[in-house]
Number of protein chains: 2
Amino acid sequence: MSSTPSRHVDDLSVVKSVSLASALVREIERLILTGELEPGSRINEIHLANRFGTSRGPIREATRSLEAKGLVEVVRNRGVFVRRLSTEEAVEIYDVRSALFGQAGRLLAEHMTDEILARLTGFIAEMDKLAESGEFDAYYPVNLAFHSFIVDSAGNKTLAAEYRRFVDKLHLFRARSLVQGGGLAVSNREHREMVDALASGDGERAFITHWRHVDRAKKRLLASIDPQPRRLSS
Amino acid sequence: MSSTPSRHVDDLSVVKSVSLASALVREIERLILTGELEPGSRINEIHLANRFGTSRGPIREATRSLEAKGLVEVVRNRGVFVRRLSTEEAVEIYDVRSALFGQAGRLLAEHMTDEILARLTGFIAEMDKLAESGEFDAYYPVNLAFHSFIVDSAGNKTLAAEYRRFVDKLHLFRARSLVQGGGLAVSNREHREMVDALASGDGERAFITHWRHVDRAKKRLLASIDPQPRRLSS
DNA sequence: ACGCGAGATACTGTCAACAATCGGCGTATC
DNA sequence: GATACGCCGATTGTTGACAGTATCTCGCGT
């Protein structure tokens with residue numbers, strides 16, 4: 001419980017330029033995404049208020065904000081609960097994500113630069129190295145950065161924000177490890193196809209490769225969750 | 001579709017099953033989308049509280065929710081303002097919308113039924129009739145219903161909700177009429193292409209027709225706003 | 001022992017009051 | 001006459017208190 005005494009303290013006293021509620025949104029969001037507040041668990045307003053040294057007002061504003069973002073669920077007279085994603089919802093999110101990511105690929109392909117291409121190939125080389133040496137823990141963050149870089153470079157802030165929101169939301173799925181894993185070497189082959197398409201400047205081709213990359217991740221998730229329900233196991 | 005736009009009173013007394021703030025979100029959202037609260041205007045908490053007969057607390061919760069939805073903007077110590085969309089943002093939203101709508105078309109194509117096809121062709125026939133007889137005012141709502149029906153039938157609630165959110169958000173664009181108009185007869189020709197693709201069950205083809213339909217609307221918007229295209233292709 | 005209902009409890013929903021901050025307006029000064 | 005300064009009203013930020021509701025506990029009856 002009492003871990004990570006690093007630089008993240010539950011103290012918002014320095015905050016003045018931005019509303020207290022806004023800062024609380026970020027903090028509570030962090031608690032949720034790091035798993036400190038587990039999906040399904042209830043959020044106690046008084047506890048949080050004490051923890052952050054504020055009253056319940058700003059806490060309530062923050063939770064309503066998180067509700068609109070889809071991270072928590074508010075039940076009248078019962079409280080707010082950290083949202084728990086069903087398999088169906090996770091799959092739905094994958095379909096939204098593939099659409100957005102494909103579009104990002106299309107947009108990026110239409111205004112590529114040499115510098116962007118260099119960055120992209122750099123990511124791939126790094127991931128190749130990590131995959132070969134078996135440093136799986138280090139692979140995932142680079143993979144994430146690679147995807148983020150593509151979305152951020154597409155030149156559509158709205159699209160980028162939405163994509164990021166759905167990636168965050170996937171953390172609420174029970175089997176988080178499943179959405180993180182994925183082929184590695186297989187995945188990086190797909191990455192190469194994506195970058196090739198981007199380099200060609202063909203928006204349509206870029207869309208397909210990017211869309212398919214996420215769609216395959218969805219299929220892997222489905223396969224690992226629903227393993228041919230033939231018979232009830234012992 | 002539980003909206004009864006005819007008789008709307010600023011009274012929420014009947015509400016008990018759902019939180020007051022949630023009801024306020026809907027009400028304020030309505031005020032914004034109907035244009036009663038114009039983009040750029042400031043929302044006075046006390047005025048709203050008096051209007052709805054509540055205190056400022058629930059109003060604040062509602063506005064924070066709307067902030068997360070992207071309908072309003074909160075400036076510390078200054079208040080909340082109805083969001084005003086720049087041309088760039090409107091274009092960005094079109095790119096998000098086309099991605100989502102294309103994906104909806106793909107999903108729908110993959111599980112079409114005769115009944116859905118009948119409904120779709122019904123919409124098109126009705127729009128044809130209205131376009132010919134020049135009833136432009138009646139055309140737009142049917143057009144909207146047609147698109148909504150597609151997105152709702154795709155079988156992905158998350159996708160549908162997001163699509164709807166962005167369509168709503170486009171109402172915050174200064175030249176609302178521009179996003180409503182659009183070829184009519186031209187538009188309905190595209191509609192026919194979309195339905196043909198859906199009927200064929202070819203997801204890829206459905207995606208392209210649906211994506212292109214929204215993308216063309218974006219191009220029309222760009223053309224009418226920026227009369228000299230910097231670079232033209234396609 | 002077990003089900004059931006009244007009371008206790010803990011929490012959320014809402015409110016009114018207090019504190020802090022911003023913008024406007026008048027005035028003084030150069 | 002123009003500009004800088006400071007006061008004041010208006011509005012937001014935050015808080016603590018009160019009311020209503022769901023859940024839990026415990027005693028009672030069978």
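To find a chain, count down the sequence lines: A is the first, B the second, and so on, and within it residues start at 1. Only this structure's heavy atoms are used, side chains among them; waters, hydrogens and symmetry mates stay out.
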Would you kindly give the [atom1]-to-[atom2] distance between [X] and [N], to the nearest whole Å?
X: A:N77; N: C:dC11; atom1: CG; atom2: C1'; value: 9 Å
X: A:I59; N: C:dG13; atom1: CD1; atom2: C1'; value: 16 Å
X: B:R76; N: D:dT11; atom1: CZ; atom2: C1'; value: 13 Å
X: B:F81; N: D:dT11; atom1: CZ; atom2: P; value: 12 Å
X: A:F52; N: D:dT14; atom1: CZ; atom2: P; value: 14 Å
X: A:R60; N: D:dG16; atom1: CZ; atom2: C1'; value: 14 Å
X: B:E61; N: D:dT12; atom1: CD; atom2: P; value: 16 Å
X: B:E67; N: D:dT12; atom1: CD; atom2: C1'; value: 14 Å

Checklist line | Stem list, DNA chain C (Watson-Crick or G-U pairing under 3.5 Å, at least 3 consecutive pairs) | finding: C:1-30 with D:1-30
For the pair [X] and [Y], find out whether any cationic side-chain nitrogen is under 4.0 Å from an anionic carboxylate oxygen.
X: B:K218; Y: B:D215; answer: yes
X: A:E61; Y: A:R64; answer: no
X: B:R26; Y: B:E29; answer: no

Next item on the list: Would you kindly say whether A:T158 and B:E89 are connected by a side-chain donor-acceptor distance under 3.5 Å?
Entry: no
Next item on the list: Verify the distance criterion only: is there a donor paired with an acceptor across the side chains of B:E67 and A:S65 at less than 3.5 Å?
Entry: no
If you check every side-chain atom of [X], which of [options] has the closest atom?
X: B:S55; options: D:dT14, C:dT12, C:dT14; answer: C:dT14
X: B:R42; options: C:dC15, C:dC11, D:dT12; answer: D:dT12
X: A:E45; options: C:dC15, C:dT12, D:dT15; answer: C:dT12
X: A:H47; options: C:dC11, D:dT12, D:dT21; answer: C:dC11
X: B:R56; options: C:dA17, C:dC15, C:dT14; answer: C:dA17

Note to self: Considering every strand and a 4.0 Å limit on heavy-atom distances, what is the contact class for B:G79: base, sugar-phosphate, or nothing?
What the structure shows: sugar-phosphate
Check: Which part of the nucleic acid does A:I43 contact within heavy-atom distance under 4.0 Å: base, sugar-phosphate only, or nothing?
Finding: sugar-phosphate
Margin query: I want to check one thing: is the phosphate of D:dT23, taken as OP1 and OP2, less than 4.0 Å away from some side-chain N or O of A:R78?
Written below: yes
Item checked: A:N44 side-chain N/O to C:dT12 phosphate OP1/OP2 under 4.0 Å -> yes
Notebook entry, point to check: So, do A:N50 and A:E45 sit near enough that their side-chain heavy atoms are less than 4.5 Å apart?
Noted result: no
Check: For B:F101, which of B:F207, B:F166, B:W211, B:Y163 qualifies under ring pair (Phe, Tyr, Trp, His ring centres under 6.0 Å)?
Finding: B:Y163
